[in-house]
Peer 1: 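What follows is a single structure, and I will ask about it in a moment.
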There are 2 protein chains.
Amino acid sequence: MTSSQDQKKAGVGPFVLSIDAMGGDRGPATVVAGIADSAVKNPDIRFILHGPAAELEKLVAKRKGLAEVCEIRDATGVVSMDDKPSQVMRNGKNTSMWSALDSVRNGEATVAVSCGNTGALMALSMIRLRKLPGVNRPAIAILWPSRNPQGFNVMLDVGADIRADALDLLQYAQMGASYARNGLALKVPRVGLLNVGTEEHKGRSELKEAHELISKAAPGSGFEFVGFVEGGDIPGKRADVIVTDGFTGNVALKTGEGTASLIGDLLKEAFAYSFLSRLASLLALTSLRRLKKRIDPRRVNGGVFLGLNGTVVKSHGSADATGVSAAVKLAFKLAQIGFTDKLAARVASTAVPSHDADAIGSKDGTTQ
Amino acid sequence: MTSSQDQKKAGVGPFVLSIDAMGGDRGPATVVAGIADSAVKNPDIRFILHGPAAELEKLVAKRKGLAEVCEIRDATGVVSMDDKPSQVMRNGKNTSMWSALDSVRNGEATVAVSCGNTGALMALSMIRLRKLPGVNRPAIAILWPSRNPQGFNVMLDVGADIRADALDLLQYAQMGASYARNGLALKVPRVGLLNVGTEEHKGRSELKEAHELISKAAPGSGFEFVGFVEGGDIPGKRADVIVTDGFTGNVALKTGEGTASLIGDLLKEAFAYSFLSRLASLLALTSLRRLKKRIDPRRVNGGVFLGLNGTVVKSHGSADATGVSAAVKLAFKLAQIGFTDKLAARVASTAVPSHDADAIGSKDGTTQ
């Protein structure tokens with residue numbers, strides 16, 4: 001186990017991931033099954049697994065070879081889905097979530113993965129990892145199936161904060177572009193700002209202001225700004241990165257998921273209708289599986305918290321072993337390319353004057 | 001032709017609809033084809049058709065029996081998709097859109113239908129029809145395919161105004177419930193307020209305030225308030241009416257449409273992949289058609305402008321004849337049940353004290 005090595009450097013393995021074993025809807029057995037899958041596929045991954053040691057040791061022992069790449073850290077407390085972030089911030093010190101973040105805080109790992117309560121995870125990440133110099137509001141970015149060649153677009157913020165002013169939106173553009181560059185291998189990502197129309201005079205005042213700020217910043221920040229985009233462009237091909245506030249982004253994400261799920265169920269119903277349609281569905285099985293694989297949310301399981309001293313991957317609470325393994329894969333990729341340092345460098349190089357290193361954690365409201 | 005009769009009474013036909021023949025992407029021939037379809041299906045519909053008379057007369061003459069139920073009003077100007085609402089308000093007097101709204105204004109018809117520029121149509125509707133007593137912001141409501149037995153949920157506002165305060169959201173709840181009661185035949189519609197979580201402490205301050213106002217108003221307003229709902233509930237079954245501001249609603253609507261369209265295209269791709277899958281798609285054709293029919297946006301074509309002295313149905317700009325006919329069907333249904341009067345009575349009976357008849361068009365910002 002090499003967890004004590006300094007994990008800040010990119011490109012040389014093994015890479016240590018810090019895993020919160022608790023807090024998911026399906027319990028720690030599912031998390032252990034997921035990391036075991038990942039361990040088999042990527043011999044360069046090492047894990048620090050946080051949770052009740054006695055229980056985790058048994059689960060890990062059942063998976064061949066896992067114990068050799070997995071260190072267990074005892075943490076008996078569990079953050080539940082109903083816990084309020086403020087409670088967890090006050091009383092969460094003995095939880096597996098807190099412990100998992102602290103392994104990133106103290107440099108044992110650069111990326112943490114948790115299936116737990118999103119609000120609590122973001123609140124704890126803010127106090128344990130702290131915001132990157134110059135960042136006012138961290139954001140949660142997700143990958144959205146799209147018509148672009150890379151198959152996915154980045155969208156942020158999908159719910160870290162319900163507010164975002166013009167400067168926050170500029171930082172989301174920079175962080176989202178950095179994520180697309182590193183996570184989707186796009187050299188010059190195209191960034192769009194979500195609005196209710198593409199004309200420049202439309203929308204709320206902070207969006208017009210953000211339009212101006214992002215336009216000016218784009219040439220020096222390694223991305224192309226395509227201007228305002230609409231809801232239909234989130235799964236579209238006009239932009240690779242969609243920037244919006246966490247309220248709108250969260251509603252859009254859940255609307256898209258709900259719509260896809262409704263269509264999936266109606267499709268099943270349509271095929272179950274008659275003997276002929278059931279026969280057709282048998283023949284169509286491979287085609288439908290191919291489609292399902294393309295848009296399967298488990299394959300892109302993982303919102304990424306951006307703007308912190310460390311990267312946190314939030315897996316879906318209901319993730320099964322395949323979902324956990326996908327989140328681990330994403331975390332591994334981000335650790336491998338040294339994403340945390342790259343993002344920090346990018347934000348620092350493009351920080352606007354009033355939000356320099358002195359301004360960590362402050363909120364002065366200026367946007368110049 | 002009976003267009004001069006008073007159209008304010010419900011229940012007795014024929015019913016006159018005022019149709020803007022111009023402004024749609026496919027031109028007046030498509031609009032005439034659509035109303036001709038509707039005329040065949042519903043002998044109780046009469047039309048006043050607005051646009052360049054010479055052109056419209058030729059188009060109407062081609063459709064057997066249409067001339068007998070359709071009066072043409074000459075209007076040579078056309079509002080294009082690129083015209084700014086402010087320009088149209090100043091210089092739009094000779095347009096077919098203006099003329100179509102004036103037939104509702106002067107009582108010849110109770111419902112107008114247009115495929116034209118949404119922003120201009122809303123702006124003109126505000127000045128020509130004026131807001132209902134007590135209404136601060138009119139809203140655009142649409143029907144969204146859902147898991148509910150009635151097959152659709154009502155969502156508003158999807159883009160009349162990018163802002164909405166707590167009182168506006170209360171009025172949207174009342175107007176949306178009235179639309180669901182009359183348009184979807186639900187006795188006690190369930191109303192949900194869109195937010196990023198269902199817990200009462202979540203979300204923006206105006207949403208918490210609106211939650212309180214709607215809770216108090218529900219018992220006397222003939223609807224049930226189910227509290228906060230999330231994006232996934234828009235196509236879901238927790239509520240029949242989803243209330244939100246026009247910015248969020250517009251993004252959600254376009255995200256849902258874009259997601260459905262992406263899945264449709266991926267489905268086609270999946271079935272075109274191999275010989276076997278193409279064979280399967282032939283067998284599955286009926287099933288897929290059944291699904292398509294269930295969620296075909298043309299079948300529920302028509303956003304409805306609520307909160308005005310008169311009802312305006314906004315058909316999609318790219319609507320084909322089937323789409324126009326669906327919008328006409330919706331307009332006819334609303335005319336038949338006397339929806340304009342029912343909505344006005346409902347809003348008046350539940351108006352909060354500070355927004356009584358004196359307050360038309362004013363915005364005092366109070367919410368008590």
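Quick caveat, the model's predicted, so the values are computed rather than measured. In the text below, chain A, chain B and the rest are named by the order of the sequence lines, each starting its count at 1.
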Peer 1: Any heavy-atom pair between the side chains of A/D265 and B/R147 that's under 4.5 Å?
Peer 2: yes
Peer 1: Any idea which heavy atoms bring B/V251 and A/A252 closest together, and the distance?
Peer 2: CG1-CB, 4.2 Å
Peer 1: Measure distances from A/D233 to the heavy atoms of chain B and classify the residue's part below 4.5 Å as side chain, backbone, both or neither.
Peer 2: neither
Peer 1: Got a second to check how far A/W144's CH2 is from B/L262's CG, nearest 0.5 Å?
Peer 2: 10.5 Å
Peer 1: Closest heavy-atom contact between B/G258 and A/P235?
Peer 2: C-CG, 3.6 Å
Peer 1: B/D161: which residues meet the side chain to side chain donor-acceptor pair (under 3.5 Å) condition with it, sequence neighbours left out?
Peer 2: B/R137
Peer 1: Using heavy atoms and a sub-4.5 Å threshold, report which of residues 116-124 of chain B line up against chain A, by residue number.
Peer 2: none
Peer 1: Who among B/T259, B/V196, B/I162 has the most heavy-atom pairs with chain A under 4.5 Å?
Peer 2: B/V196
Peer 1: Using non-hydrogen atoms and a 4.5 Å limit, figure out which bit of A/D82 sits close to chain B: side chain, backbone, both or neither.
Peer 2: neither
Peer 1: Measure distances from A/L194 to the heavy atoms of chain B and classify the residue's part below 4.5 Å as side chain, backbone, both or neither.
Peer 2: both
Peer 1: Measuring heavy-atom distances to chain A, does B/T244 have an atom under 4.5 Å in its side chain, in its backbone, in both, or in neither?
Peer 2: neither
Peer 1: Counting only heavy atoms not in A/E212, do more than 12 fall under 6.0 Å of its CD?
Peer 2: no
Peer 1: Got a second to check how far A/E230's CD is from B/L253's CG, nearest 0.5 Å?
Peer 2: 10.0 Å
Peer 1: Mind checking the OG1-NZ spacing from B/T255 to A/K254? Nearest 0.5 Å is all I need.
Peer 2: 14.0 Å
Peer 1: What part of A/L207 lies closer than 4.5 angstrom to a heavy atom of chain B: side chain, backbone, both or neither?
Peer 2: side chain
Peer 1: Count the heavy-atom pairs under 4.5 Å between each of A/S261, A/G197, A/G159, A/G264 and chain B, then report the option with the highest count.
Peer 2: A/S261
